[in-house]
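Predicted model, so just to flag it, every value in this text is computed and none were measured. Chain letters run A, B, ... following the sequence lines, proteins first and then strands; every chain starts at 1.
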Amino acid sequence: MPEPFEQLGHLDRLVHEPARLAILTALSACRRAEFMYLLRLTGLTRGNLSTHLAKLEEGGLVRVDKRFVDRKPNTEVSLTRRGAAAVEAHWRRLEELRVAAREWSDERGSIPPSLAEEPS
Amino acid sequence: MTNKTSGSGAVELSLARCRDVTRDLPSFLGLRLLPVGVWFLVAPALGRFEASRAHYGLAIAAAVAIVWIDRLYRRRFGTVVTDRVRLGRARGLVAGAAVAYLALFAASSLPGTEALVGALVAIVFGTAAVVVRPLAFGAPRRRLEAVALGVAFGGAAAVAAAGSPLAHRGAGVLLCLAMGVLLCLAGVAEHLALRAALPATEACDA
């Protein structure tokens, strides 16, 4: 397997999953956000979002604070230091992958050799 | 980068959108501008900018409406706490501008000071519009809006400083109406942008 594609396997799956990456990216742009906001932003179902947040909390990437405001349950989510570092590292790794993939593509030509060969 | 989420609530997710909307959410809550816009539209009918029960009543009604709309937004879209430093500085400036405005509003009841008060009010508002909003929210669209507000208030200041009754009645009223229309349009545009950025889903409405 070529080098850039090998590196894909080393990406942190906890962060790289699309919905979780969206949640983490949004949280990296603010101090904290309410559950309702994340629900609206991601378009996930309540159950899905809860599951993703539970996984992120389990991994120590986010902190989930549940409390009551005006007798109604209110959930606030914020990024932990570890979570902020994980998002930063993930974006850095994706950028490195992009550069590596471009170099790999330039070396071999934009069309994979198997497709470029004329059928005999 | 665009990704597709898994599960029953699958939607197109743009990570850049997630970041930008979250960072600028306070500037998208446009309907909060409507009460101020309506205030400007109604104010000319109540007379000049001077202390009166009608003006105070309108100001209180606008403030109550803003609080109510803010709560409505919180319920529908949830809240986001953004950078404390930027918001803190902006809040201080807004509070300062508000105090200055109220002081000038009260001082306008003194005889013979209307023109000066009108000019000062316009300058305070114009400065607040030009300085505070971009400082707090910084989005290009908001900067344009702030510049438009600044120009309008600068014009109002010039008109008020001229001090002629014609300037007060004619151009002043026109500027007030223009301000009202501008604020209402800006508010609705921001709200529509918010609806587009954060579309309602079944999960949100449940």
Between atom [atom1] of [X] and atom [atom2] of [Y], what is the distance when rounded to the nearest 0.5 Å?
{"X": "B:Arg195", "Y": "A:Arg40", "atom1": "CZ", "atom2": "CZ", "answer": "6.0 Å"}
{"X": "A:Trp91", "Y": "B:Leu15", "atom1": "CH2", "atom2": "CG", "answer": "4.5 Å"}
{"X": "B:Thr82", "Y": "A:Arg32", "atom1": "OG1", "atom2": "CZ", "answer": "10.0 Å"}

Quiz item: Can B:Arg17 and A:Leu41 be said to form a side chain to side chain contact (heavy atoms under 4.5 Å, CB included), step by step?
Solution: CA-CA 9 Å; B:Arg17 178 182 70 92; A:Leu41 183 75; 4.2 Å; yes
Heavy atoms only: give me the nearest [X]-[Y] pair and the separation to one decimal.
{"X": "B:Arg74", "Y": "A:Glu34", "answer": "O-OE1, 4.3 Å"}
{"X": "B:Val81", "Y": "A:Cys30", "answer": "O-CB, 3.4 Å"}
{"X": "B:Thr79", "Y": "A:Tyr37", "answer": "O-CB, 4.1 Å"}
{"X": "A:Ala29", "Y": "B:Arg19", "answer": "CB-O, 3.5 Å"}

Self-check item: Greatest number of heavy atom pairs closer than 4.5 Å to chain A - which of B:Leu198, B:Leu25, B:Asp20, B:Val21
Solution: B:Leu198
Self-check item: Partner residues of A:Arg82 under the salt bridge (Lys or Arg N to Asp or Glu O under 4.0 Å) criterion, sequence neighbours left out
Solution: none
Practice problem: Taking salt bridge (Lys or Arg N to Asp or Glu O under 4.0 Å) as the test, write out the residues that go with A:Glu58, two or more places apart. | Solution: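 In terms of salt bridge (Lys or Arg N to Asp or Glu O under 4.0 Å), with neighbours along the sequence ignored, A:Glu58 is linked to no residue.
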